[in-house]
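Right, one structure below, let's go through it.
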There are 2 protein chains.
Amino acid sequence: MKEYSAKILLVDDEPDILEIVGYNLKNEGYQVFTAANGDEAIKKAKKKKPDLIILDVMMPVMDGMEACEKMRKMPELEHTIITFLTARSEDYSMIAGFDVGADDYITKPIKPRVLVSKVKSLLRRKLQVEEIAANSGSTKLGDLVIDHDQYKVFLRKEELVFPRKEFELLSLLTSQPGKVFKREEILETIWGVDVVVGGRTIDVHIRKLREKLGDDSINTIKGVGYKYVK
Amino acid sequence: MKEYSAKILLVDDEPDILEIVGYNLKNEGYQVFTAANGDEAIKKAKKKKPDLIILDVMMPVMDGMEACEKMRKMPELEHTIITFLTARSEDYSMIAGFDVGADDYITKPIKPRVLVSKVKSLLRRKLQVEEIAANSGSTKLGDLVIDHDQYKVFLRKEELVFPRKEFELLSLLTSQPGKVFKREEILETIWGVDVVVGGRTIDVHIRKLREKLGDDSINTIKGVGYKYVK
DNA sequence: TGTAATTATAAGGTTAGCTTAAGGTTAAGA
DNA sequence: TCTTAACCTTAAGCTAACCTTATAATTACA
């Protein structure tokens with residue numbers, strides 16, 4: 001499942017930090033590159049096009065702020081996440097960091113566990129932004145993407161809004177494409193055994209689904225029920 | 001992204017319990033390890049680093065209380081959830097349990113279905129808390145900057161004041177932008193498993209957030225929950 | 001072609017959530 | 001400790017979205 005391993009550029013003038021943080025990140029399966037100052041960082045960033053850059057603020061030759069500012073202007077790094085590394089409680093530098101285009105901010109002293117989970121969450125967020133699908137709880141059926149976590153449905157990249165009952169009905173039908181769900185079955189699953197609703201209620205919801213999906217994906221089997229076909 | 005299956009350490013001196021509970025948990029896809037007394041539990045916990053430990057109170061060699069107390073002091077188990085297993089109505093043992101650092105307790109006789117759903121909710125809660133912890137330092141989401149270390153929030157450079165509950169709620173929602181958090185989930189994460197507050201409490205806090213953030217960043221999914229969108 | 005089932009449309013009813021305000025609780029400061 | 005202010009929770013009425021029903025039109029199949 002981990003087909004793609006993210007590239008991370010780690011920039012700090014202290015070899016110790018490079019070593020320990022680098023070790024932990026590699027351990028998680030990331031590709032790690034390092035640089036010791038801003039100048040070097042820019043060169044490497046250009047060459048490697050990392051997904052994430054972790055940048056110490058205080059460095060000789062060219063400090064983090066300046067490097068960040070420059071990198072932010074490079075079109076090939078447009079989608080790269082840049083996060084600063086700084087000593088705690090320097091408020092002003094945090095704001096300044098965001099000003100020059102940083103996305104995030106990590107305070108020293110660094111705790112490897114915390115840093116690793118932070119990196120994970122940043123990269124996950126990036127993925128989510130880049131690719132709506134490709135995510136955990138989502139199902140793809142041709143043009144249709146159903147994201148169960150986000151309660152969202154996309155048809156050819158366009159988002160459709162489904163209220164709860166409609167969403168549940170669609171989820172049910174698409175859970176086994178091609179299978180015919182009997183009316184009775186649908187009622188039990190979505191409305192529950194004890195809830196009694198009129199026989200026409202299902203039809204109306206089916207109609208709403210068809211309206212939004214465009215007509216031919218839900219078939220009627222007369223006298224029995226409905227099925228989803230892609 | 002969801003290939004990780006949680007590790008659970010199950011500790012009880014009755015083989016029957018180990019068997020039946022273990023079976024049910026494995027069935028749900030968890031990795032289950034077992035131990036028959038506190039001593040053994042500590043050793044296994046150290047080696048396996050489980051996400052969750054289910055610990056019987058009454059055991060020979062070393063009882064649950066003592067084991068819990070010791071495990072709580074081990075840094076590698078810092079993020080592990082410990083829940084007790086106790087005969088009903090031994091109130092005092094429940095209190096004592098929380099004293100020695102337990103997170104929750106389950107009463108006997110055990111109903112597998114109940115236990116499984118409790119386990120699920122504990123693990124889910126743990127995941128969310130970790131996700132929030134990963135955001136230590138500060139984070140930028142569009143115009144919004146959240147400083148988790150200092151409990152501060154800035155919207156377009158202006159500082160906004162969020163009391164504790166509001167801050168936690170905002171942290172949770174922003175920890176995974178786009179994800180829908182169910183009301184139930186929110187309650188568990190922010191108010192805790194055992195705290196019971198009325199259903200309208202969430203709404204009111206959401207409203208306060210919206211008031212401060214300006215309206216469209218928190219969406220309602222009726223019948224389900226809320227999500228933060230950039 | 002006739003009948004039963006489904007579809008279309010619109011109009012109520014219901015429920016979840018929003019809003020506001022007030023009471024209770026906790027925490028901070030004198 | 002007492003006072004005060006901030007915060008949290010609850011309550012109640014209101015609104016709007018959603019769900020269900022009713023009815024008429026249409027379709028599928030014997």
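Model, not experiment: these values are computed from the prediction. Lettering follows sequence order; numbering is per chain, from 1.
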**OP:** Let me know, please, whether B:F162 or A:V197 comes out on the 5' side of the other along DNA chain D by nearest nucleotide.
**Re:** B:F162
**OP:** Write down the distance between CG (B:L169) and P (D:dC8), rounded to a whole number of angstrom.
**Re:** 11 Å
Original post:
Is atom NZ of B:K182 surrounded by more than 12 heavy atoms (other residues, nucleotides or ligands) closer than 6.0 Å?
Top reply: no
**OP:** Would you verify whether the NZ or CZ of B:K212 falls within 45 degrees of the ring axis of B:F162 while also being under 6.0 Å from that six-membered ring's centre?
**Re:** yes
**OP:** Considering just the side-chain nitrogens and oxygens of A:T220, establish if one lies under 4.0 Å of OP1 or OP2 belonging to C:dT7.
**Re:** yes
**OP:** For the side chain of A:P163, starting at C-beta, report the closest nucleotide among C:dT7, C:dT9, D:dC19.
**Re:** D:dC19
**OP:** Under 4.0 Å between any heavy atoms, over every strand shown, what does B:Y226 touch: base, sugar-phosphate, or nothing? Just pick one.
**Re:** sugar-phosphate
**OP:** Round to a whole Å and report the spacing from CD1 of B:I190 to P of D:dT9.
**Re:** 10 Å
Original post:
Any donor and acceptor pair, going by atom type alone, linking the side chain of A:D104 with main-chain N or O of A:T83 inside 3.5 Å?
Top reply: no
Original post:
With a 4.0 Å cut-off on heavy atoms, is A:K165 in touch with a base, just the backbone sugar-phosphate, or nothing at all?
Top reply: sugar-phosphate
Original post:
Could you state the CD1-C1' distance from B:I218 to C:dG17, rounded to the nearest angstrom?
Top reply: 14 Å
Original post:
Closer than 4.0 Å, any side-chain N/O of B:W191 to the OP1 or OP2 of D:dC8?
Top reply: no
Subject >> NZ or CZ of B:K152 within 45° of B:F154 ring axis and under 6.0 Å >> reply: no
Original post:
Please give, in whole Å, the distance from D:dC19 C1' to A:L187 CG?
Top reply: 14 Å
Subject >> Listed nucleotide nearest any side-chain atom of A:K222, set D:dC19, C:dA4, C:dT9 >> reply: C:dA4
Original post:
Atom NZ of A:K208 and atom P of C:dA8: how far apart are they, to the nearest Å?
Top reply: 13 Å
Original post:
Expressed in angstrom and rounded to an integer, what is the separation of A:F167 atom CZ from D:dC19 atom C1'?
Top reply: 18 Å
Original post:
Rounded to the nearest Å, what distance is computed from the CG atom of residue A:D203 to the P atom of nucleotide C:dA10?
Top reply: 17 Å
Original post:
So which nucleotide from D:dT20, C:dA8, C:dG17 ends up closest to the side chain of A:H205?
Top reply: D:dT20
**OP:** Select base, sugar-phosphate, or nothing to describe what B:T201 touches, counting heavy atoms under 4.0 Å on all strands.
**Re:** base
Original post:
So does A:R200 get a side-chain nitrogen or oxygen closer than 4.0 Å to the phosphate oxygens (OP1/OP2) of D:dT20?
Top reply: no
Original post:
Going by atom types only, do A:T107 and B:D149 share a side-chain donor-acceptor pair under 3.5 Å?
Top reply: yes
**OP:** Send over the distance from B:I206 CD1 to C:dT20 C1', rounded to a whole Å.
**Re:** 17 Å
**OP:** Nearest-nucleotide wise, let me know which of B:E211 and B:G225 is further upstream toward the 5' end of DNA chain C.
**Re:** B:G225
**OP:** Could you tell me whether the phosphate oxygens of C:dG17, OP1 or OP2, come under 4.0 Å of any side-chain nitrogen or oxygen in B:R183?
**Re:** yes
Original post:
With no hydrogens and no angle check, do the side chains of B:S175 and A:R125 hold a donor and an acceptor under 3.5 Å apart?
Top reply: no
Original post:
DNA chain C: A:V224 or B:I221, which has the more 5' nearest nucleotide?
Top reply: A:V224
